[in-house]
Protein chains: 2
Amino acid sequence: MGTVGASLVRIIQSRANELAVTCGRPIKIVAVTARDRTKDRGIDLTDIEWFGGPVDLAQKADIDVFVELIGGSEGAANAAVRAALARGLHVVTANKALLAYHGVELAEIAEEKGALLNFEAAVAGGIPVIKALRESLTGNTISRVYGIMNGTCNYILTRMEKEGLSFADCLKEAQRLGYAEADPAFDIEGNDTAHKLAILTTLAFGNRIAADDIYLEGITNISIEDIRAAADLGYRIKLLGVAQRTETGIEQRVHPTMVPLDSVIAQVDGVTNAVAIESDILGELLMVGPGAGGNATASSVLGDIADIAKSQPGAQRVPVLGHPAKALEPYRKAQMQSHEGGYFIRLTVLDRTGVFASVATRMAENNISLESIVQRSTQHLSPSHHQTIILVTHATMEDSVRKAVAAIKNEGYLVGEPQVIRIERPKE
Amino acid sequence: MGTVGASLVRIIQSRANELAVTCGRPIKIVAVTARDRTKDRGIDLTDIEWFGGPVDLAQKADIDVFVELIGGSEGAANAAVRAALARGLHVVTANKALLAYHGVELAEIAEEKGALLNFEAAVAGGIPVIKALRESLTGNTISRVYGIMNGTCNYILTRMEKEGLSFADCLKEAQRLGYAEADPAFDIEGNDTAHKLAILTTLAFGNRIAADDIYLEGITNISIEDIRAAADLGYRIKLLGVAQRTETGIEQRVHPTMVPLDSVIAQVDGVTNAVAIESDILGELLMVGPGAGGNATASSVLGDIADIAKSQPGAQRVPVLGHPAKALEPYRKAQMQSHEGGYFIRLTVLDRTGVFASVATRMAENNISLESIVQRSTQHLSPSHHQTIILVTHATMEDSVRKAVAAIKNEGYLVGEPQVIRIERPKE
């Protein structure tokens, strides 16, 4: 009965008649629990039974569906969902951390008990990406899933670009407007995106969830210079979560990414989320919508409840994670060093003869072919004699880029740390 | 057993094991029919029973699901689907015309018989918009659905803009590449979009399907000058189908539309489709994907079949058209004259003193407030003394625009027909 819970109760109560007609039976909230019983939530709670806590409710309430909107992978959320599934109750949850860390086990319990476990709201809020992967794309072999799944990061990157502000200023503004937490690390370091990505990876590729096996880079190092250089080269920077099937395994990575300026995903601004799915039969499907907020989340939770209401009682055949939990394969991790793609590399160097040639040579020695290389004076940024060199590579190996950059670092002409940003292109 | 049918058989056969695991039971093609039995379709048809025709198959085959991929609202498709539903068989179809003209009646039969009638492929090919409206958005009140639902038109408009070619040249090119039919009228006049829109309108607003009550304007009058003027003003021209709830009823309209250049939908290029849904709880959801092609269509058909395979036998509670067919309300049509929105008006006028003032006066007399007004010499286009006047209005009534344009026509300084293009903006 937090923000989403209160929204959900309000919506279900106010649309009771319509829901009963659409779903073929009434949907009624009959039991709730929350820390504070006395708080005015602006909803009518008469006729609704209060329970002492989530586990108590999950164990004892006379219900068909248990809806968990507590959050967190452990503690009350975890215990209550297990208690509900153990009774064979259907469960709806918006809890990405719970799914990311216990999803396989919970799916096994649900499937054993013939219960449904729905979690549309856990990834990308209002965007029905779980349904698309779990139902619409059945039979497709998926090659890549990627998306903007954290509104805080996308808001910050959008404002940095549109207003030329620094990362720090935009973060403060996001905090002021309630788009970022007081402790923003979980969002801006990419962990939130990683939880969501781990769930999508499993739905897409049929492996056991591997939420801790994700390459992670946040947006804290993205400067306004990177954003401007990206725009000059025809790119925009987004924090993407990407899961991709490769010859050596499955890549799971969350990092700032250059996407082509004229791609659809590049236009996804502010707190909006987007998820793209590439598959062999359908082709590319992109979905754009609100990634967070009480109402968008409540809408997905309600869709999940309605699906259960419309379905028949008895054993279910919709596998929770797209594939039956017991048939999920071990996660075969592709090493990040083997990642292949284009790279943007921005170097600040001393203004010395031969530096440009040296950089180009180190690249060539590592078999990196360059799409473009630009040298620029940065005198307006620093009074000293520094130059900026920006390279964009053709598709190459991460390992080669790391070696080339390490070699350049050893040359002694680098000022500060080199910036390396991966390029991600939609399927042609 | 046309293109889509053969794709579907190939996919179901080659992924039989995976589908059986995901769906909890095998999916087998056991009976087919096609005009030509001898044609080599590159698929193994041993063990598949051939029937003399679709109705014969629908009436006699020992099947659970009947898949109709014939097309057309009447004739064999119609008769066969009715025969299948009459037996209580589940039906999957990709047939937009059948749904647009007989959808309500077929839904009534299906619901009476406890059969499912799935038609994801009928609208926007591979984009799961039917599922989003019918399932994910349950409980939402929808205010507007709009989209690019005809690949031929979007391909032509994209090429006109990117290469500065005329409509006629792009149409020829589209025909050469197989993106347009030899008789392209059904696509370029907007009828194809209208069929799809009528289906979406019913799913969104719960009215009986009204496929003939749609305001229709195709893209044949769009010139390269319109496209250039649109770009100068920050817009791109797309053929949209729009269904919108208004105070006086529901608008259904298909016409060339100016969308803001920096909107996501403006970036949807070529034969790709996109559908946006605006609702009160979720907010705006946009889905982008392939709108046609054998594989994308087969993918949606397979998703529909898999949904049936995963569901329980017996009476179903998923209403075919989102709302139970008997509960659909009569279509309450909003008059096009009452449409409110921004307008782009391009006039070619004689180069006479007072013309500009006269145009502005006729607008003011009809209470039309202008966002911008631009006068341009068109000497490079014609040797005569003509000028182009381009107006962009703030939100106004269609009726006012029609009256103002009629008044301007009466002034005698107009050269050729005035061009009027409606502006459509995503929800803020």
Side-chain angles (χ1 to χ4, degrees), chain A residues 7 11-12 15 18-19 21-25 120 126-128 131-132 135-141 262-264 266-269 274 279-290 293 295-296 298-300 302-303 305-307 309-319 322-324 327, chain B residues 7 11-12 15 18-19 21-25 120 126-128 131-132 135-141 262-264 266-269 272 274 279-290 293 295-296 298-300 302-303 306-307 309-319 322-324 327:
Chain A
S7 287
I11 292 163
I12 288 180
R15 298 179 189 194
E18 196 197 321
L19 286 170
V21 170
T22 309
C23 299
R25 58 169 124 174
E120 187 62 83
I127 301 175
K131 196 176 262 288
E135 301 175 21
S136 303
L137 286 156
T138 300
N140 276 265
T141 298
D262 61 358
S263 64
V264 179
Q267 316 306 319
V268 176
D269 278 353
S279 57
D280 61 343
I281 316 175
L282 173 57
E284 184 175 346
L285 177 67
L286 175 74
M287 297 191 279
V288 182
N295 275 346
S299 177
S300 282
L302 181 55
I305 297 172
D307 274 352
K310 288 172 194 166
S311 74
Q312 299 304 306
Q316 297 297 327
R317 287 202 186 91
V318 180
H323 308 71
Chain B
S7 287
I11 293 164
I12 289 180
R15 297 178 190 196
E18 195 197 320
L19 286 169
V21 170
T22 310
C23 299
R25 58 169 124 174
E120 188 61 82
I127 302 175
K131 196 176 261 287
E135 301 175 21
S136 303
L137 285 156
T138 300
N140 276 265
T141 299
D262 61 358
S263 64
V264 180
Q267 315 306 318
V268 176
D269 278 355
T272 303
S279 57
D280 61 343
I281 315 176
L282 172 57
E284 183 175 346
L285 178 67
L286 175 74
M287 295 190 280
V288 183
N295 275 346
S299 177
S300 283
L302 181 56
D307 274 353
K310 289 172 195 165
S311 74
Q312 297 305 306
Q316 296 299 329
R317 289 200 183 94
V318 181
H323 308 71

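Chain letters run A, B, ... following the sequence lines, proteins first and then strands; every chain starts at 1.
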Heavy atoms only: give me the nearest [X]-[Y] pair and the separation to one decimal.
{"X": "B:L19", "Y": "A:G139", "answer": "CD2-CA, 3.8 Å"}
{"X": "B:A132", "Y": "B:M287", "answer": "CB-CE, 3.6 Å"}
{"X": "B:A298", "Y": "B:I11", "answer": "CB-CD1, 4.0 Å"}
{"X": "B:P319", "Y": "B:P324", "answer": "CB-N, 3.6 Å"}

A:E135 bridged to B:K131 by N-O distance under 4.0 Å: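 Here A:E135 pairs with B:K131 in a salt bridge, since their nearest N and O are under 4.0 Å apart.
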Looking at A:G289, A:G303, A:P290, A:A327, which one has more heavy-atom pairs under 4.5 Å with chain B than the rest?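 So the answer, after comparing A:G289, A:G303, A:P290, A:A327, is A:P290.
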Option that, when pairs with chain B are counted at under 4.5 Å, heavy atom only, ranks first among A:D269, A:I12, A:I305, A:T141: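 Going by pairs under 4.5 Å, I would pick A:T141.
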With a 4.5 angstrom heavy-atom cut-off, is it the side chain or the backbone of [X] that approaches chain A, or both, or neither?
{"X": "B:D307", "result": "side chain"}
{"X": "B:L285", "result": "both"}
{"X": "B:T272", "result": "neither"}
{"X": "B:A309", "result": "backbone"}
{"X": "B:L282", "result": "both"}
{"X": "B:T22", "result": "both"}

Kindly say whether A:I281 contributes a backbone atom to a donor-acceptor pair with the side chain of A:N140 at under 3.5 angstrom?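 Between the backbone of A:I281 and the side chain of A:N140 there is a qualifying donor-acceptor contact (under 3.5 Å).
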Taking A:S299 for the side chain and A:N295 for the main chain, is one N or O donor matched with an acceptor at less than 3.5 Å?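 Checked: no pair found.
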Against chain A, work out which of B:I127, B:L137, B:D280 has the most heavy-atom pairs shorter than 4.5 Å and name it.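 Top count of heavy-atom pairs under 4.5 Å with chain A: B:D280.
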